[in-house]
Amino acid sequence: KTVSGLYGETLEIPCHNGATKEEDILITKWKYDKGEGIPGDLLVKQKNKNAVIMATDEYKDRVSMAANSSLLLSAAKLTDQRTFTCMVVAREDIMEYPINVMIYKSPEGLEISDQAEALEIGKLTKLGTCVAKDASPAANITWLKNNKPLVADGEGISIRTSVLLDPVTGLSTTASTLEYSAKKEDTDAQFTCSTQPTVGSELVSSPVTLTVTYSTENIVLQVIAQDPLEEGDNVTLKCVADGNPAPTNFNFHLQGEMVKVEDSNTYTIRNVSRETSGEYKCSLIDDPSMEASKDITVNYLDINLSPSGNIVEHVGEALDLTLKIDSSGESKVFWTKDNIMLDKEPEFAALTYSDSGSYECEVTMGLLSRKASFDLIVEGAPVIKQLSKQLSEDAQHKVLICEAEGSPKPAVSWSINGTLLDESPFINGKITHKIKVVPSANLTVSCTVSNEFGIDTRAINVSSCKYKVTVKSSSLSLLHNFSYSDYSLFLSACLLNIIFRCFNGNFAERAIEFRIFFFRVRVNPFTTYQFFWVIPTQFTKGPMPDHLQIDCFLI
């Protein structure tokens, strides 16, 4: 039977494991094999007495006996790896129980020493040595890359292992050296070593990350600038090489000129212009054949609008607009007038007052934008476009309306005193002027508009007719017992007779408050009269009176 113990700890070696009853045991004795078959006594115990140590060598201070007759061996050493025998004397027999002892010790730790400064692609290089100190048995070391075991292949991976035995303690120190031929993808790879002791958990070293060096295989020229790149901007050329360590010395080829840059991989071109556009290159100073190129386009957008600014022209004249565009690409043009989008470029073959306003054109090319504008004022003598009249809503006065065009803003005057009702804002050369009047007789009213360029006058006839018509009961006898609605129909039927009496008769004074109705009569193909006929409000319901007084107003 074999019993295992840990180095430096107390080892319990069992005796008979219950094969003999304790009450039958008379004497228990422990001894060990010194070698070559020579036994060495350790201790003995008689029944009902304390154990007596018989050893005179190193064991005399390290051995004791447990209550169950097991041998307790303190501070276990590798030299304790031998056979220990428990001899039991019973009443009827003498038995011996030999026990083989094995002592194990885990390494004190794993450490990678003699680390390389860097690994070179394609070259077998000593990465480092993993050391497992003071172990028993000697540690078996495994190398790992990114937690995956490495196996020696005689080409890119070489592992050499050595074991050193301590003559005093008998413990072993294992050293494993890894030589490795790196690849580009090994950049930032983690290398570790591990061992699995006979007793205990796996031990893993701290990871090691090494720089992987390799020569440049590819080079790229980068252009760093705002988008879009415009005239006046700065642009930085950056040469990026995939070597490790990265090259720091470059040649920049700038439109036929070569600039050498050391300890940097950038070159800045300031205040670029459209002439800066073209092909640019960079190359390694150490290897000029390794180069990269890039095309640079400087975007530009120039516009010239003629005329521009404040423009004053005379009505009826022509205005020629010219928009010149110089750009590095295709552009689009948008026009607005007074901030309202136009569907096409404005044309002015014969200027009108409505052409006045603020014009702006915006030219875009990608993200670039340019604007130009002009303010157009069309001047000229004022012209009355329309002079009209209408009866006010309360039928108590006339409203005269004068609509005119002209610029500068024309002054408006009337040949009759009236009350100003409204004057519209002066926009694009247009103005509307309204007054109210109460004419006592037929008259002709003139509207006059004027500015520094001229004057215009137009007249309109304004009539005033306000008569009383009395309809006797003989005219209303048919409607004496009719309602107001029927009476209204009758008045409509006989109104034409009342109209002519309105023109030719003399009538009494005005009656009390009236309700107004509108009626239009065409007298002949060329003349239309508009009348208001009024019914006293106290007669708008119920049977009609014997006579009715009606007011007639000629407009």
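Predicted model, so just to flag it, every value in this text is computed and none were measured.
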Could you check Ile103 against Lys77 for side chain to side chain contact (heavy atoms under 4.5 Å, CB included), going step by step and ending with a plain yes or no?
CA-CA 7 Å; Ile103 301 299; Lys77 303 178 180 179; over 6 Å; no
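- Considering CE of Met65 and CG of Leu71, their distance stands at 7.5 Å, rounded to 0.5 Å.
- Judged purely by distance below 3.5 Å, without hydrogens or angles, the side chains of Thr177 and Thr129 pair a donor atom with an acceptor atom.
- Under the side-chain contact (heavy atoms from CB on, under 4.5 Å) criterion, Ser308 pairs with no residue at all, not counting sequence neighbours.
- By the 30° and 60° cut-offs, the orientation of the rings of Phe374 relative to Tyr359 is parallel.
- Counting heavy atoms from C-beta outward, Leu42 and Phe84 have side chains that approach closer than 4.5 Å.
- Contact of the Ser424 side chain with the Lys430 side chain is not registered, since no non-hydrogen atoms from C-beta on lie closer than 4.5 Å.
- Asp134 has no carboxylate O lying under 4.0 Å from a charged side-chain N of Lys105, or vice versa, which leaves the two without a salt bridge.
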Side chain to side chain donor-acceptor pair (under 3.5 Å), that's the test. Do Thr268 and Thr236 meet it? Break it down for me.
CA-CA 4 Å; Thr268 299; Thr236 297; 3.1 Å; yes
Using the side chain to side chain contact (heavy atoms under 4.5 Å, CB included) rule, take Val261 and Val259 through it: C-alpha gap first, then chi angles, then the decisive distance, then the call.
CA-CA 6 Å; Val261 176; Val259 177; 4.3 Å; yes
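- Across all non-hydrogen atoms, the minimal contact from Lys337 to Ser354 is NZ-O, 2.5 Å.
- Within a 6.0 Å sphere centred on CD of Glu202, other residues, nucleotides and ligands contribute more than 12 heavy atoms.
- Of the N and O atoms on the side chains of Ser356 and Asn428, not one donor lies less than 3.5 Å from an acceptor on the other residue.
- At least one donor-acceptor pair closer than 3.5 Å links the side chain of Asn265 to the backbone N or O of Cys239.
- Remark: the backbone N or O of Leu119 is paired with a side-chain donor or acceptor of Thr213 at under 3.5 angstrom.
- Every residue two or more places apart in sequence or in another chain was checked for a salt bridge (charged side-chain N to carboxylate O under 4.0 Å, His left out) with Lys60, and none qualifies.
- Shown here is Lys45, whose NZ atom has more than 12 heavy atoms of other residues, nucleotides or ligands within 6.0 Å.
- A 6.0 Å sphere centred on CG of Asp188 holds no more than 12 heavy atoms belonging to other residues, nucleotides or ligands.
- In this structure, Pro137 and Ser172 have side chains that are not in contact, with every pair of non-hydrogen atoms separated by 4.5 Å or more.
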Residue pair Glu111, Ser113: steps toward the side chain to side chain donor-acceptor pair (under 3.5 Å) verdict
CA-CA 6 Å; Glu111 181 181 358; Ser113 59; over 6 Å; no
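- For the atom pair CD (Gln115) and OG1 (Thr209), the distance works out to 9.5 Å, reported to the nearest 0.5 Å.
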Yes or no on side chain to side chain contact (heavy atoms under 4.5 Å, CB included) for Glu313 and Asp355, after CA distance, side-chain angles and deciding distance?
CA-CA 10 Å; Glu313 295 289 342; Asp355 291 327; over 6 Å; no
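- Both cation-pi conditions hold for Arg274 and Tyr300: the charged atom is under 6.0 angstrom from the six-membered ring centre and inside a 45 degree cone around its axis.
- If you take SG on Cys361 and CD1 on Ile325, they are separated by 7.5 Å, rounding to the nearest 0.5 Å.
- In terms of modelled atom types and a separation under 3.5 Å, the side chain of Thr195 and the main chain of Asn140 share a donor-acceptor contact.
- Proximity of Tyr7 to Leu171: side-chain heavy atoms (C-beta onward) are separated by under 4.5 Å at one or more points.
- Residue Thr297 comes nearest to Leu229 through the heavy atom pair O-CD2, 3.8 Å, listed as atom of the first residue, atom of the second, then distance.
- Donor-acceptor pairing under 3.5 Å is lacking for the side chains of Thr336 and Asn339.
- Minimum heavy-atom separation, Val44 to Lys29: CG2-CB, 4.1 Å.
- Proximity of a side-chain donor or acceptor of Asp295 to a complementary backbone N or O of Tyr280 within less than 3.5 Å is not detected.
- Checking Tyr214 against Asp242 by side-chain atom types alone, no donor-acceptor pair falls below 3.5 Å.
- Note: Glu231 CD to Leu368 CG = 10.0 Å, rounded to the nearest 0.5 Å.
- Counted within 6.0 Å of NZ on Lys123, heavy atoms from surrounding residues, nucleotides or ligands total 12 or fewer; the atom is thus considered open.
- Considering every non-hydrogen atom in both Leu203 and Leu110, the closest pair reads O-CD1, 3.3 Å.
- Side-chain contact between Phe348 and Val378 is absent, with no heavy atoms from C-beta onward closer than 4.5 Å.
- In this structure, the separation between CD on Glu262 and CD1 on Ile285 is 5.5 Å, given to the nearest 0.5 Å.
- Atoms CG and OG, from Leu221 and Ser283 in turn, are 10.5 Å apart once rounded to the nearest 0.5 Å.
- A donor-acceptor contact shorter than 3.5 Å is absent between the side chain of Asp33 and the backbone of Pro39.
- Contact annotation: the side chain of Leu321 approaches that of Pro307 to within less than 4.5 Å [non-hydrogen atoms, C-beta and beyond].
- The closest side-chain heavy-atom distance from Leu420 to His433 is below 4.5 Å.
- Note on Glu230 versus Arg370: salt bridge recorded, some NZ/NE/NH1/NH2 to OD/OE distance being below 4.0 Å.
- Judged purely by atom type and a 3.5 angstrom limit, Ser327 uses its side chain to pair as donor or acceptor with the backbone of Gly329.
- A donor-acceptor pair under 3.5 Å is formed between the side chain of Ser106 and the backbone N or O of Val199.
- In summary, the side chains of Glu155 and Ser181 do not present any donor paired with an acceptor at a separation below 3.5 Å, with no hydrogens or angles considered.
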Starting from the C-alpha separation in whole Å, work towards a yes-or-no answer on side chain to side chain contact (heavy atoms under 4.5 Å, CB included) for Tyr59 and Leu73.
CA-CA 8 Å; Tyr59 284 115; Leu73 181 60; 3.6 Å; yes
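- Heavy-atom contacts from other residues, nucleotides or ligands closer than 6.0 Å to CD of Gln226 number more than 12.
- Looking only at distances, no side-chain donor or acceptor of Trp143 sits under 3.5 Å from a matching main-chain atom of Ala152.
- Here Pro408 pairs with Glu379, Asn451, Glu452, Phe453 under the side-chain contact (heavy atoms from CB on, under 4.5 Å) rule; sequence neighbours left out.
- A side-chain donor-acceptor contact under 3.5 Å links Ser277 to the backbone of Val298.
- Residues Thr28 and Cys86 approach most closely at CG2-SG, 3.9 Å, considering heavy atoms.
- Panel note: side chain Arg62, backbone Ser74; a donor-acceptor pair is recorded below 3.5 Å.
- For the residue pair Thr83/Asn100, the side-chain donor-acceptor check at 3.5 Å is satisfied.
- Closest non-hydrogen pair, Val3 versus Glu12, comes out as CG1-O, 3.9 Å.
- Residue Lys294 places its NZ atom among 12 or fewer non-hydrogen atoms of other residues, nucleotides or ligands, all under 6.0 Å distant.
- Taking 4.5 Å as the limit, some side-chain heavy atom of Glu96 sits within range of a side-chain heavy atom of Lys31.
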